[in-house]
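All residue numbers refer to positions in the sequence shown, counting from 1. All ligand and atom numbering here is 1-based and tracks the order in the structure.
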Amino acid sequence: MTSQLTSQAVLTVQAPAKINLGLEVLRRRADGFHDLNTIFAPLTLFDTITLSLRSDTGFTLQISGNDTLSGGDDNLCVKAARLLGQTISQPTGTPLPGIDIHLTKRIPTGGGLGGGSADAAAVLVGAAQLWGNPVSPETLHQVGLMLGSDVPFFLEGGVAHAAGRGEILTSHPITLPWSLLLVNPGIHVATPWAFKALNRATERPATNLVELLLSGMDNPASLRGQMVNDFEEAVMLEYPAIKQIKQRMYDAGAMFALMSGSGSTLFGLFATVQDAKVASAQFPECWNAVARFHEGGVVVER
Ligand code: C5P
C-alpha cells in the first residue's frame with residue numbers, strides 16, 4: 001500500500017442503480033450461469049457508501065435506510081472488501097488495513113435495479129482507492145465478476161450492451177428522447193429463483209437491441225412485443241401483482257412498459273416528464289420515481 005494513506009482516510013462513493021432496456025436469457029451454460037443479451041442504463045438513484053480505513057485488519061458494515069439487509073460477512077459489500085484485500089495482499093502475504101463500511105440504502109432491494117451489485121462495485125472502487133490503487137482495471141473487473149454478474153457493468157458505467165454473464169460490455173452512449181416512470185411494488189424477487197423459474201431448456205436467438213432501440217426512438221409503442229424481458233412471464237405468474245402494475249402502467253398512458261432485471265421494478269416510457277408525473281399519481285401505494293434519458297444514462301427527476 002502507498003504511504004500517503006493513513007488510518008484516518010475516509011472516502012464516500014455513490015453507487016447508482018440500473019435498468020435493463022430489454023433482457024434476453026439466451027442459453028443455459030455448462031457452468032450453471034446463463035448467457036444474456038441486454039442493455040444496461042445507469043440510473044441517478046444512489047446508495048451512498050462511506051469507507052474508512054481501520055488501524056487493524058477487520059471489516060465492519062453498518063446499514064442505514066434498510067432494516068432487512070444483513071450487515072454480516074455475507075453482505076456483498078463486506079465480501080467485496082475482503083476479496084479485494086485478499087487479492088491485493090496475496091503476493092506479499094501482508095494483510096492490508098481493514099475497512100469500516102457505512103451503507104445508506106436508497107435503491108429498492110430485490111427490485112431488479114442492481115443495488116447489491118452497485119454497492120459491491122462502489123466498495124471495490126473505494127477500497128482500491130483507500131489502499132492506494134494497487135490493482136489494474138482488469139483485476140478489478142475479474143474480482144467484480146467473482147462477486148456478481150452485474151458488478152463489471154457498475155465498474156464501467158454508461159449505457160452499455162452486455163453479453164456473456166453480463167460482463168462482456170460494449171459502450172453505447174445513446175440518448176433516447178423519452179421520460180420514464182419507475183414503479184416498484186415492494187416485492188422481493190430472488191434472481192437465482194427467477195433463472196430457475198424461467199427454465200431456459202433450449203437456446204433462443206438474440207435480438208439486436210441497439211438497432212431495436214434506435215428503430216423505436218420516435219415511436220416507443222412499436223417496441224411492444226419486440227423489446228422483451230424473458231423473466232416477465234415466469235415472474236408475473238408467481239407474482240400477479242407485478243403483471244397488474246404493468247397493465248396499470250399502460251392504463252396510465254405509458255407508450256411502452258417493461259420489467260427491469262428479474263423484477264419487481266417496472267418502467268414505463270412517456271413522451272414528457274409531465275406525462276410520467278401525472279401517471280405516477282396512479283401508484284400511490286408503490287415506491288416510484290420519474291426520470292428521463294440523458295447522455296450516459298437515466299436521470300431521476302423526483
Ligand atoms: O452473478 P449473480 O450473483 O448476480 O447471480 C446470481 C444467480 O443468478 C447465479 O447464481 C445464477 O443462478 C443466476 N445467474 C445466471 N446467469 C447469469 C447471471 C446470474 O444463471 N448471467
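E285 and R248 are joined by a salt bridge, as a carboxylate oxygen and a charged side-chain nitrogen come within less than 4.0 angstrom of each other. With salt bridges taken as basic N to acidic carboxylate O contacts below 4.0 Å, none links D35 and R165.
Legend: residues meeting ring pair (Phe, Tyr, Trp, His ring centres under 6.0 Å) with F153, ordered by chain and number and at least two apart, are F40.
The stretch residues 286-296 participates, sequence neighbours left out, in these salt bridge (Lys or Arg N to Asp or Glu O under 4.0 Å) pairs: R292-E301. Applying the salt bridge (Lys or Arg N to Asp or Glu O under 4.0 Å) test to pairs two or more places apart or on separate chains, those with a residue in residues 116-126 are K105-D119.
One distance of note links CG of L61 with CG of D100; it measures 10.0 Å at 0.5 Å rounding.
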Could you go through ligand 1 and list every pair where one of its N or O atoms sits under 3.5 Å from a protein N or O, giving the atom names and the distance to one decimal?
{"from": "ligand 1", "atom 1": "1 (O)", "to": "S149", "atom 2": "N", "distance (Å)": "2.8"}
{"from": "ligand 1", "atom 1": "1 (O)", "to": "S149", "atom 2": "OG", "distance (Å)": "2.6"}
{"from": "ligand 1", "atom 1": "16 (N)", "to": "H34", "atom 2": "N", "distance (Å)": "2.8"}
{"from": "ligand 1", "atom 1": "20 (O)", "to": "H34", "atom 2": "N", "distance (Å)": "3.4"}
{"from": "ligand 1", "atom 1": "20 (O)", "to": "H34", "atom 2": "ND1", "distance (Å)": "2.7"}
{"from": "ligand 1", "atom 1": "21 (N)", "to": "H34", "atom 2": "O", "distance (Å)": "2.8"}
{"from": "ligand 1", "atom 1": "21 (N)", "to": "R165", "atom 2": "O", "distance (Å)": "3.0"}

